[in-house]
Amino acid sequence: QAQFVESGGGLVQPGGSLELSCAYSGSSFNMFTMAWYRQTPGNQREWVASISRGGSTNHKDFVRGRFTISKDNAKKMGYLQMNSLKAEDTAVYYCNFPDSLRPWGQGTQVTVSS
């Protein structure tokens with residue numbers, strides 16, 4: 001069974017919003033930095049944002065001010081609130097622990113198009 005299950009993607013117009021969710025089925029969710037990544041066909045996965053064990057966040061420059069990463073340790077759930085979406089944000093979004101990578105989930109497709 002996949003340890004990460006991403007959800008919440010969909011089709012949205014430019015300027016719209018989506019909230020992605022990342023459910024983790026393993027143990028010790030609270031002990032790891034959690035990160036969101038995205039990937040488009042033919043390209044490598046790229047890091048988007050991360051949140052540390054202590055709640056410190058970092059966001060890629062091109063999403064800073066638009067996306068917000070968060071987590072709920074009790075629920076073993078990560079989130080990515082995406083606002084002011086652009087066509088360039090279209091990708092499959094994944095979550096993982098960058099310091100201790102697990103098998104990748106299926107990701108969730110975000111399509112920004114008018």
Side-chain angles (χ1 to χ4, degrees):
Q1 296 280 359
Q3 291 189 286
F4 290 107
V5 179
E6 299 92 346
S7 62
L11 175 64
V12 65
Q13 294 189 156
S17 297
L18 286 171
E19 185 182 59
L20 307 185
S21 296
C22 170
Y24 178 64
S25 62
S27 62
S28 303
F29 177 84
N30 62 308
M31 299 298 293
F32 297 100
T33 292
M34 189 211 75
W36 285 96
Y37 304 81
R38 67 188 187 188
Q39 186 175 30
T40 54
N43 294 297
Q44 297 277 83
R45 269 180 247 263
E46 64 176 347
W47 170 79
V48 174
S50 59
I51 182 165
S52 74
R53 173 182 177 180
S56 179
T57 63
N58 286 290
H59 298 79
K60 189 86 170 183
D61 287 346
F62 58 72
V63 305
R64 191 171 291 121
R66 300 189 297 121
F67 293 8
T68 303
I69 188 171
S70 63
K71 64 176 179 177
D72 185 328
N73 288 331
K75 295 180 179 179
K76 298 194 292 184
M77 191 79 68
Y79 305 96
L80 186 68
Q81 178 64 51
M82 306 187 296
N83 300 320
S84 302
L85 283 160
K86 304 175 180 180
E88 305 95 279
D89 297 318
T90 295
V92 178
Y93 285 72
Y94 302 86
C95 56
N96 215 314
F97 301 144
D99 300 321
S100 184
L101 286 171
R102 268 62 169 168
W104 297 95
Q106 293 300 114
T108 186
Q109 176 73 52
V110 172
T111 302
V112 185
S113 178
S114 59

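Worth saying up front: this structure is predicted, and the values here are computed from it rather than measured.
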| Expected output: side-chain Lys60 to main-chain Trp47 donor-acceptor under 3.5 Å | no
| Do Leu11 and Ser113 pass the side-chain contact (heavy atoms from CB on, under 4.5 Å) test, and can you show the C-alpha distance, the side-chain angles, and the key distance before you say yes or no? | CA-CA 7 Å; Leu11 175 64; Ser113 178; 4.3 Å; yes
| Arg38 side chain to Tyr93 side chain, donor-acceptor N/O pair below 3.5 angstrom | yes
| pair Lys86-Pro14: side-chain heavy atoms closer than 4.5 Å | no
| Can you name the side chain to side chain donor-acceptor pair (under 3.5 Å) partners of Thr40, sequence neighbours left out? | Asn43
| query | Honestly curious: do Val48 and Phe97 fall in one hydrophobic cluster under the side-chain, below-4.5 Å linking rule? | reply | yes
| request: Go through the steps to decide whether Glu88 and Phe62 satisfy the test side-chain contact (heavy atoms from CB on, under 4.5 Å), and finish with yes or no. | output: CA-CA 10 Å; Glu88 305 95 279; Phe62 58 72; over 6 Å; no
| message | Before we go on, tell me: are the rings of Phe29 and Phe4 under 6.0 Å apart, centre to centre? | response | no
| task | Measure the spacing between CZ of Phe32 and CG of Leu101 and express it to the nearest 0.5 Å. | result | 10.5 Å
| field | Gap between atom OG of Ser114 and atom CD of Gln13 - 0.5 Å precision | value | 7.0 Å
| In Å and rounded to the nearest 0.5 Å, what is the CD to OG distance from Gln81 to Ser70? | 8.0 Å
| Does some side-chain heavy atom of Val110 sit less than 4.5 Å from a side-chain heavy atom of Leu18? | yes
| Residue Arg53 excluded, over 12 heavy atoms near CZ under 6.0 Å | no
| Beyond-backbone contact of Leu85 with Phe67, side-chain heavy atoms, under 4.5 angstrom | yes
| message | Any heavy-atom pair between the side chains of Tyr79 and Glu19 that's under 4.5 Å? | response | yes
| Any Asn73 side-chain heavy atom under 4.5 Å of Lys71 side chain | yes
| request: Enter the distance from Gln39:CD to Gln109:CD here, rounded to the nearest 0.5 Å. | output: 11.0 Å
| request: For residues Pro103 and Gln3, determine if any side-chain heavy atom of one lies less than 4.5 Å from a side-chain heavy atom of the other. | output: yes
| request: Examine distances only and state if a side-chain atom of Thr90 and a backbone atom of Ala87 form a donor-acceptor pair shorter than 3.5 Å. | output: yes
| message | When you group the ILVMFWY residues by side-chain heavy-atom contacts below 4.5 Å and let the links chain together, are Ile69 and Met82 in the same group? | response | yes
| message | Nearest 0.5 angstrom please: Lys76 NZ to Ser28 OG, how far? | response | 8.5 Å
| said: What verdict does the side-chain contact (heavy atoms from CB on, under 4.5 Å) test give for Arg66 and Asp89, after you've listed the backbone C-alpha separation in whole Å, the side-chain angles of each residue and the deciding distance to 0.1 Å? | reply: CA-CA 11 Å; Arg66 300 189 297 121; Asp89 297 318; 2.7 Å; yes
| Tell me, do Ser50 and Trp36 make a side-chain contact under 4.5 Å, heavy atoms counted? | no
| message | Looking at every non-hydrogen atom in both residues, tell me the closest pair between Pro98 and Thr33 and how far apart they are. | response | CD-O, 3.2 Å
| task | Can you see which heavy atom on Val12 is nearest to which on Ser17, and at what distance? | result | CG2-N, 3.8 Å
| field | 4.5 Å side-chain heavy-atom contact, Met77 and Ser21 | value | yes
| task | Could you identify which residues cluster with Val5, counting Ile, Leu, Val, Met, Phe, Trp and Tyr as linked when any side-chain heavy atoms lie under 4.5 Å apart, either directly or through a chain of such contacts? | result | none
| message | Under a 3.5 Å distance rule, please check whether Arg45 uses its side chain to pair with a backbone N or O of Tyr37 as donor and acceptor. | response | no
| note | Output for pair (His59 NE2, Asp61 CG), nearest 0.5 Å, gives 11.5 Å
